[in-house]
Amino acid sequence: MSTSFVNPRLSVVLLALSLAACGSSDPEVPGPTPDSGTVPDAGTGDAGGPDAGEPDAGPVDAGTDAGAPDAGEPDAGPGDAGPSLAIPNVLSGFGLFTGSPANGGLVPVEGNVPYTLSTALFSDYAVKSRTLYIPPGKTAHYEPVAALDLPVGTLITKTFAFPADLRKPDQDVRLIETRVLVHQPSGWEAWPYVWNAEQTEATLATGGRTRDVTFTDLDGETRSFRYPVPSKNQCQQCHHLLDGQGNQVMHPIGVKARYLHRTNTYGGVEHDQLEYLASLGKLDRLPAAVDLPKAPDAFNPQAADLTTRARTYLDINCAHCHNPKGTAGVTSQLFLNFDNTSVFNLGECKRPGSAGSGVGGEFDILPGNHAESILWYRLHTEEDGKMMPQIGRTIHHKEGSQLIADWIDSMTPKTCK
Amino acid sequence: MPRLQWTRATSATLLALVGALSLTACSDDDNTTPDSGVKVDAGTNTDAGTDAGTNTDAGTDAGSVDTGIPWDGGSAGTFSCEGKAQATLNFAPGQEEALQDQVNTLAECTTIQLAAGTYTFDNAITIRQKGITLVGAGKGAKGEGTGGASSTVLVFTNAAANSNGLDVVGDRFTVSDLAVWNAKKDAIRVESSMDVVMRRVRTEWAQADKESNGKYGLYPVKSKYVVIEDCEAYNAADAGIYVGQTQYAVVRNSVAKQNVAGIEIENTQYAYVLGNTAQDNTTGLVVFDLPGNPIRGTDIRVKNNIITGNNRNNFASVAASSSTVSQVPAGTGTFMLASRRVELTGNTWGNNNTVDVAVLSGLTIEPNPALWDAAGGNFASSDVFIHGNTFQGGSGDNVDNGNLSPQLRPLGAALAALYTYGEQQGAKGVEHLVWDGVDPYNHARAEVNPINICFADNTLPAGTVNAIADLDLVAAGELAAKGNFAGGWALTRHYPATKAEFACSGFSPALTIGDNIR
């Protein structure tokens with residue numbers, strides 16, 4: 001599937017219409033150290049996370065702030081704290097794009113760099129286009145595992161849209177929402193903008209909205225559902241890692257080297273996305289190409305073996321919560337980050353800590369039997385209270401669910417008893 | 001008193017029931033003829049073990065007692081709104097969108113005041129801020145899905161899939177005087193927060209017995225200093241009132257009806273469950289630890305509650321579920337599993353068809369001890385002090401309402417099998433207190449009550465013969481599964497309330513939970 005057409009001038013959907021994609025933005029993989037770009041409260045340092053060079057404003061309000069300072073823990077941090085960016089009421093207020101979907105297309109301004117992920121998080125088959133804006137004079141630092149270390153002032157956008165027919169992803173496309181991740185001096189914030197019916201402007205909808213969506217899927221079936229635009233606070237359900245005090249600290253998810261290490265077309269020329277950012281002076285410490293990690297396209301059997309593709313799918317879709325520093329991971333001890341090497345924590349023959357309602361089986365993964373594996377059940381079902389991820393998905397991802405089923409079924413069967 | 005209803009069950013049926021007991025793992029053996037001639041001598045148990053549990057882990061929690069923090073709805077945690085600007089935002093029905101927008105940009109210590117009426121939401125109300133108070137005009141009455149002149153009802157019937165009603169992370173959160181109706185998942189979920197107050201709140205789903213109802217009504221989890229009082233919870237497909245992985249919780253003067261579990265205290269330290277009514281649930285009150293959870297539950301005081309008539313058929317989601325409450329037989333008044341230092345006093349039990357109080361080992365749901373390591377191997381139950389309560393009678397005479405399912409609710413099936421045989425031998429139904437007899441520390445079976453369950457000064461129905469049962473569930477189940485019901489029944493022990501080994505006076509140090517609460 002998939003396809004991806006990369007042309008910044010493409011009408012509505014900016015770039016890369018990678019069909020199997022993401023929920024809230026792109027998941028976070030745990031990695032040994034969190035992205036130190038957003039540092040937690042209370043003077044806890046970066047735990048080794050090389051935040052060097054871009055001293056982020058020090059103590060952050062754990063991401064819960066909404067502008068309200070974390071009383072008693074002032075932004076005493078060194079460096080470039082500076083004033084917070086005022087959040088505009090309309091998307092155009094950021095100055096990140098020219099035009100509009102209704103008028104020749106939404107075109108990123110120079111410096112607002114479109115990018116595509118090699119495998120993206122699934123969000124109800126929405127097609128997504130992403131841009132990364134790093135302010136003049138600032139530079140992101142390469143990270144081998146965690147998200148890129150992005151400086152204060154960075155803006156990440158993700159626009160969600162639905163074509164009338166997924167088989168013609170660049171025709172009759174309607175934009176639903178654009179989410180903007182803003183790296184403020186106090187930490188990351190997420191702001192949702194909802195497109196109007198005329199497709200001329202997107203307006204800040206802090207509380208989220210719902211929109212009815214109908215499209216024809218890859219099998220020619222009509223799908224209708226109510227698409228929830230998450231509220232600002234809901235963004236944090238996916239975009240977080242726990243700091244040393246157990247506070248949820250907001251982090252970007254998808255901007256990781258292994259997902260960015262792929263080509264894209266800029267000015268009619270193909271470049272590796274990481275190298276392109278480096279050539280613009282927006283990314284440093286980039287290792288040699290041969291040393292760059294690469295997550296495959298999970299849905300391209302030629303790209304990698306089944307296990308690698310399944311692990312990649314789980315990594316981008318689930319591991320932002322299911323990792324040792326995510327709340328769901330802490331609770332469940334189910335770690336789906338690609339670099340987790342514990343078979344037990346990956347779910348094999350593992351009973352859930354507290355599964356809640358019926359979820360198809362006794363074990364997270366019953367090797368050889370996807371139908372009795374809770375992991376598969378949760379990502380396949382559309383039942384309230386059972387489906388995963390908790391938000392960002394209303395309908396199920398046939399192709400993803402099939403990938404995980406195939407992977408579990410390929411394991412040597414065990415009874416786990 | 002109605003009799004056990006499955007007296008005529010064939011031995012083949014009983015065999016199937018017991019054979020499915022997850023713990024026994026027994027084979028279908030040849031010996032299928034019940035040895036019906038052997039009668040139990042309930043008095044033959046040796047009294048050898050008088051150590052009152054000192055070999056168990058009972059004492060090892062010393063030090064983990066209530067430290068005297070008077071958590072009672074005040075600010076016991078580290079965050080306070082005192083001396084800070086405290087704005088109030090007012091909303092009326094029709095302003096749901098504005099409310100959602102503002103909820104996402106709240107300043108600390110904001111009060112959200114909701115006028116009377118009905119509010120219809122298409123998504124969760126997600127709060128991530130400290131010091132927030134959400135207050136309505138009243139919780140209304142059971143069954144009201146619309147707000148009246150003096151009630152505020154938040155309706156989530158058509159909300160986004162998989163969303164909660166209120167979804168809160170933030171210290172010093174208070175919600176009061178409103179109802180949450182038909183949430184997709186949990187009605188009010190508060191996580192990782194200190195100083196949480198839920199007062200005069202009703203959570204309800206419109207239809208009874210629906211597996212697809214939301215799972216939890218009032219759901220504070222991974223929190224500290226929680227007060228739930230004067231609340232009501234109806235029709236949750238798991239627990240109406242649930243306190244999980246929390247330290248210091250009061251559940252007081254609340255009502256839980258028509259849920260699978262009325263009130264559930266899970267992996268929680270220092271809980272005070274006072275003056276509540278838990279009726280018409282599958283199980284009224286549940287205290288347990290689950291495996292793999294880092295908080296070791298302990299120090300739970302259950303006082304002056306009414307836990308009667310909990311005979312609702314279990315409607316929790318199953319499908320080979322790992323859900324613990326889905327395995328509880330209907331008619332269970334109080335269910336404790338992997339619990340320690342639990343005191344039950346001043347409560348009333350009656351008309352619970354399976355049993356008033358059951359005490360079980362965590363190994364009955366997870367037999368691999370290693371999986372309990374996260375909280376220091378917390379699978380054992382020990383130190384349960386049941387005193388000064390009233391048992392009204394009418395309980396233990398219709399296990400799981402006769403709807404037996406060895407696969408889904410093996411405990412009920414096993415109890416039914418054993419007591420069906422027992423009834424033929426003159427037993428009068430399941431005793432008020434049942435211990436599964438699974439001793440994780442492998443005391444000699446000759447030792448009575450090695451886990452230190454104390455049963456003292458309780459009021460029992462007139463004519464009560466035995467009040468306490470030690471099932472020796474594994475061994476009895478194995479024999480019964482081989483068709484030897486007489487042998488299985490013989491292994492179970494049945495004691496009068498005066499049995500010396502159970503006439504103990506609690507544990508040390510004694511609980512002080514609630515002593516600081518007015």
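Convention: sequence-line order gives letters A, B, ...; per-chain numbering from 1. Both backbone and side-chain heavy atoms feed into the values below; hydrogens, waters and symmetry mates do not. Owing to the predicted nature of the structure, the values given are computational and were not obtained by experimental measurement.
- For A:Pro192, no part lies under 4.5 angstrom from a heavy atom of chain B.
- When each of B:Asn267, B:Ile265, B:Thr268 is tested with B:Thr246 by the rule side chain to side chain contact (heavy atoms under 4.5 Å, CB included), just one qualifies, namely B:Thr268.
- Contact of B:Asp122 with chain A is made through backbone and side chain together, with heavy-atom distances under 4.5 Å.
- In terms of heavy-atom pairs under 4.5 Å with chain A, the best-connected choice from B:Val221, B:Asn158, B:Asp186 is B:Asn158.
- In this structure, the portion of A:Val229 lying under 4.5 Å from any heavy atom of chain B is its backbone and not its side chain.
- Between B:Val325 and B:Asn314, the shortest heavy-atom distance links the atoms O-ND2, 2.9 Å.
- Of the atoms belonging to B:Leu99, not a single heavy atom falls under 4.5 Å from chain A.
- Judged by distance alone, the side chains of A:Gln184 and A:Ser186 never bring a donor and an acceptor atom under 3.5 Å apart.
- With B:Asp167 as the fixed residue, the salt bridge (Lys or Arg N to Asp or Glu O under 4.0 Å) test singles out one of B:Arg189, B:Lys185, B:Arg128: B:Arg128.
- Using a 4.0 Å cut-off between charged side-chain N and carboxylate O, A:Glu177 and A:Arg211 make no salt bridge.
- Only the side chain of A:Phe344 comes within less than 4.5 Å of a heavy atom of chain B; its backbone N, CA, C and O stay farther away.
- With a 4.5 Å cut-off on non-hydrogen atoms, B:Ala237 does not touch chain A at all.
- For the set B:Val103, B:Asn368, B:Leu371, B:Asn123, the count of heavy-atom pairs under 4.5 angstrom toward chain A peaks at B:Asn123.
- Salt-bridge formation is not detected for the pair A:Arg393/A:Glu382: no Lys NZ or Arg NE/NH1/NH2 atom is positioned less than 4.0 Å from an Asp or Glu carboxylate oxygen.
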